[in-house]
There are 2 protein chains.
Amino acid sequence: MALYTAASSSERIAFNTLNRKTGNRVKREFIDSETGDPVEREDQVKGYEVENGQYVVLETDEVAAAIPDSDKTLKIDAFIPCSQIDTTYFDKPYYLAPDKMGRDAFLLLRDGMKKQGVAAIARTVLFRRVRTVLIRAHGKGLIASTLNFDYEVRSSEEAFDDMPDMKIGGEMLELAEHIIGTKKGSFDASTFDDRYEAAVAELVKAKIEGRSLPKRQAPVASRPSDLLQALRESAGIGAKVTKPKRTAANANRGAGRQKAAKPAAKAKQAQAPPRRAG
Amino acid sequence: MALYTAASSSERIAFNTLNRKTGNRVKREFIDSETGDPVEREDQVKGYEVENGQYVVLETDEVAAAIPDSDKTLKIDAFIPCSQIDTTYFDKPYYLAPDKMGRDAFLLLRDGMKKQGVAAIARTVLFRRVRTVLIRAHGKGLIASTLNFDYEVRSSEEAFDDMPDMKIGGEMLELAEHIIGTKKGSFDASTFDDRYEAAVAELVKAKIEGRSLPKRQAPVASRPSDLLQALRESAGIGAKVTKPKRTAANANRGAGRQKAAKPAAKAKQAQAPPRRAG
DNA sequence: CCAATCGTCGAAAGACGATTGG
């Protein structure tokens, strides 16, 4: 079977960090916190803090030995009724498709599960961990969701600790149901848009075109991929663009590193945590 | 309303990187990729790569201006039938509990939704983005799942591109259903254990106790939190523990940084501090 | 090339964001 990532934030606008003074990209170097000397990769070891400032040292290969062997298979443990699934455990979704070999078995699994109204609990090694996955029929194929480990999911008891054990009934409940009835809608993913992403895209576009952005204009929400397309088109127009000076010797290195470019604008964390809503 | 993280990997064993030669912790410094000079935080700006090596510069405050204002509320857009929900969009789960003020409204919402078999689609600002969340009744309270943005979820079309449009029927399907029937189980989160985590915990424990670990022993799968407890108990026994040398001048800084240390041996948080969103 | 990892920051035991492994 082949796994395809079903959800990914890779379409987001990606930035690199630059040095304002030179326009060059920035890279990070690891230095000793006491001596300030650079620490090469082969001198970096893992430390488990036993007590304040006391560490047990673990060598890279010792940690690597703990990684489970991957036989690249997906082993089904059991089939469970779809009604029993606790979605709190859901981690990431992957589409599952058959490879050349297992097409018949794949279709049998899909249709058998669909007919019985069950999902499969399976295990597979994914990124160094043995992951439990939940497999369900999904359209023409299957969808596998990795499940959080038991220790990762908190009990709701604490959160609902001082919840009154009271049930609403009678007229009040009818009123609530009426209000709910007036706001019926449907699950429409096209409304799940990302205004921050749109605003950042608009900002970049304005910069490229040499415009200044009106303060706090409400950005038009649209698919970032459309905006990326627009950005690419705008790019030719040119504006305040910084071209880093580079030495001939470094030209290749720099080009290679562009691939590593990573997403996401981190600006100031304007979000102070405790927030009241609702 | 208050939001409580329902799933977190914070109970995992966390390491710090050490310099093998000195036993000191390592920290990272940002340096200019061409000149090699350190780049201070205030000189770090975002660059959007327009073309190979050409960047549009975005200042931190410009990017920050794109962050939506948070009025700290949770606005319900609509109620949708639970049957319509596409779990491919699920991102992270949060428990929702009422604050002092809104207890009645909370219970009305919970019981009204439960009775009608619907979930609420709402919006709130979470970590700089306006997020769409799906709210459902869950035990005594509510659970809110952030939903992936539309552009983050891939169409399954590509993955299921060359899936034969064939349906299994008759005897073969019956056989499949029979096999499924023989492997019926239940959704049991206690079996969702993390063998890698357990093996790493065992490795650390062995190190602390001065044992050497048998090669590739099959680690006993148990809750990492139990293992962490065991580690704490072992810690007194002492073994090969590295104590970083520190200068008097750095003692305070070092102590301060310990807080920053991801508490590997973190005792279970009595109660996760609620993020207020309500 | 993408996605998961990893270390750090800072307060939220969570998210960011550069890096690297598959």
Side-chain angles (χ1 to χ4, degrees), chain A residues 3-18 25-31 33 39 41 44 46-47 60 63-64 67 70 72 91-94 125-129 131 146 151-152 154 196 256-275, chain B residues 2-18 25-31 33 39 41 44 46-47 60 63 67 91-94 126-129 131 146 152 154 196 225 228 256-277:
Chain A
L3 270 171
Y4 299 82
T5 307
S8 146
S9 52
S10 63
E11 282 204 45
R12 286 198 188 150
I13 292 174
F15 293 117
N16 295 114
T17 303
L18 305 181
R25 283 194 47 190
V26 151
K27 67 174 184 180
R28 64 182 179 183
E29 186 176 59
F30 291 93
I31 62 169
S33 58
V39 182
R41 174 158 284 274
Q44 294 173 17
K46 300 286 174 205
T60 308
V63 178
I67 299 174
S70 170
K72 286 157 190 186
D91 184 20
K92 296 209 167 116
Y94 296 86
V125 174
L126 232 40
F127 306 101
R128 83 166 51 177
R129 292 181 202 262
R131 298 297 304 259
T146 50
Y151 70 84
E152 292 179 313
R154 300 210 177 129
Y196 172 73
R257 210 174 299 115
Q258 271 137 32
K259 281 196 173 159
K262 238 351 207 278
K266 161 161 191 164
K268 202 173 87 190
Q269 188 90 349
Q271 303 283 33
R275 256 13 60 120
Chain B
L3 269 170
Y4 299 81
T5 306
S8 147
S9 52
S10 63
E11 283 205 41
R12 286 200 187 145
I13 292 175
F15 296 115
N16 296 114
T17 304
L18 305 180
R25 281 190 52 186
V26 151
K27 66 175 184 179
R28 64 182 177 184
E29 185 176 59
F30 291 93
I31 62 169
S33 59
V39 181
R41 178 160 280 273
Q44 293 172 19
K46 298 292 170 201
T60 306
V63 178
I67 298 173
D91 183 20
K92 296 212 166 111
Y94 297 85
L126 234 40
F127 304 101
R128 87 170 47 174
R129 290 180 203 263
R131 298 297 304 259
T146 50
E152 293 179 312
R154 301 208 178 131
Y196 171 72
S225 49
L228 283 176
R257 211 173 299 116
Q258 267 137 33
K259 255 196 165 169
K262 235 173 170 179
K266 154 188 141 203
K268 209 167 135 206
Q269 202 89 3
Q271 177 148 13
R275 177 98 44 73
R276 304 248 149 219

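Quick note: numbers below take in every heavy atom, side chains included, and nothing from hydrogens, waters or symmetry partners. Chain naming here is simple, since letters A, B, ... match the order of the sequence lines and numbering starts at 1 in each.
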Please confirm whether the shortest side-chain N or O distance from [X] to OP1 or OP2 of [N] is below 4.0 Å.
X        : N      : value
B:Lys92  : C:dA15 : yes
A:Arg128 : C:dC6  : yes
A:Tyr94  : C:dC2  : no
B:Arg25  : C:dT8  : yes
B:Thr17  : C:dG7  : yes
A:Arg154 : C:dG14 : yes

Spacing of [X] atom [atom1] relative to [N] atom [atom2], expressed in whole Å:
X        : N      : atom1 : atom2 : result
A:Leu3   : C:dG22 : CG    : C1'   : 13 Å
B:Ile31  : C:dA18 : CD1   : P     : 15 Å
A:Phe30  : C:dC6  : CZ    : C1'   : 8 Å
A:Glu29  : C:dA18 : CD    : P     : 17 Å
A:Ile67  : C:dG21 : CD1   : C1'   : 10 Å
B:Tyr196 : C:dA4  : OH    : P     : 16 Å
A:Phe127 : C:dG21 : CZ    : P     : 13 Å
B:Tyr4   : C:dG14 : OH    : P     : 14 Å

**Study point:** Nearest-angstrom distance, P atom, C:dC6 to C:dA12
**Key:** 26 Å
Check your understanding: P atom, C:dG10 versus C:dC16: distance in rounded Å?
Key ->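 C:dG10 and C:dC16 have their P atoms separated by 14 Å.
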Practice item. To the nearest 0.5 angstrom, please state how far the NZ atom of A:Lys92 sits from the CZ atom of A:Arg131. Key: 8.0 Å
Nucleotide nearest [X] (side chain, heavy atoms from C-beta), chosen from [options]:
X       : options               : value
A:Arg41 : C:dG7, C:dC16, C:dT19 : C:dT19
B:Thr5  : C:dG14, C:dT19, C:dC6 : C:dG14
A:Lys46 : C:dA3, C:dC6, C:dG14  : C:dC6
A:Ser10 : C:dA18, C:dA3, C:dG14 : C:dA3

Point to revise | Closest approach of B:Leu18 to B:Val26 (non-hydrogen atoms, all atoms of both residues) | key: C-CG2, 3.9 Å
Review point. A:Arg129 near the nucleic acid: base, sugar-phosphate alone, or nothing, with a heavy-atom cut-off under 4.0 Å?
Key: nothing
Check your understanding: Do you see a donor-acceptor pair shorter than 3.5 Å between the side chains of A:Arg128 and B:Tyr196?
Key ->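 Yes, B:Tyr196 and A:Arg128 have a side-chain donor paired with an acceptor closer than 3.5 Å.
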Check your understanding: Excluding sequence neighbours, so at least two apart, what forms side-chain hydrogen bond (donor to acceptor under 3.5 Å, both in side chains) with A:Thr146?
Key ->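 Partners of A:Thr146 under the side-chain hydrogen bond (donor to acceptor under 3.5 Å, both in side chains) test: A:Asp91.
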**Study point:** Student check: side-chain heavy atoms of B:Ile31 and A:Lys27 closer than 4.5 Å
**Key:** yes
Review point. Sequence neighbours excluded, which residues qualify as side chain to side chain contact (heavy atoms under 4.5 Å, CB included) partners of A:Gln44?
Key: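 For A:Gln44, the residues satisfying side chain to side chain contact (heavy atoms under 4.5 Å, CB included) (neighbours in sequence not counted) are A:Phe30, A:Val39, B:Thr17.
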Exercise for review: Using the closest heavy atom to pick a nucleotide of DNA chain C for each, name whichever of A:Leu126 or B:Ser9 lands nearer the 5' end.
Suggested key: A:Leu126
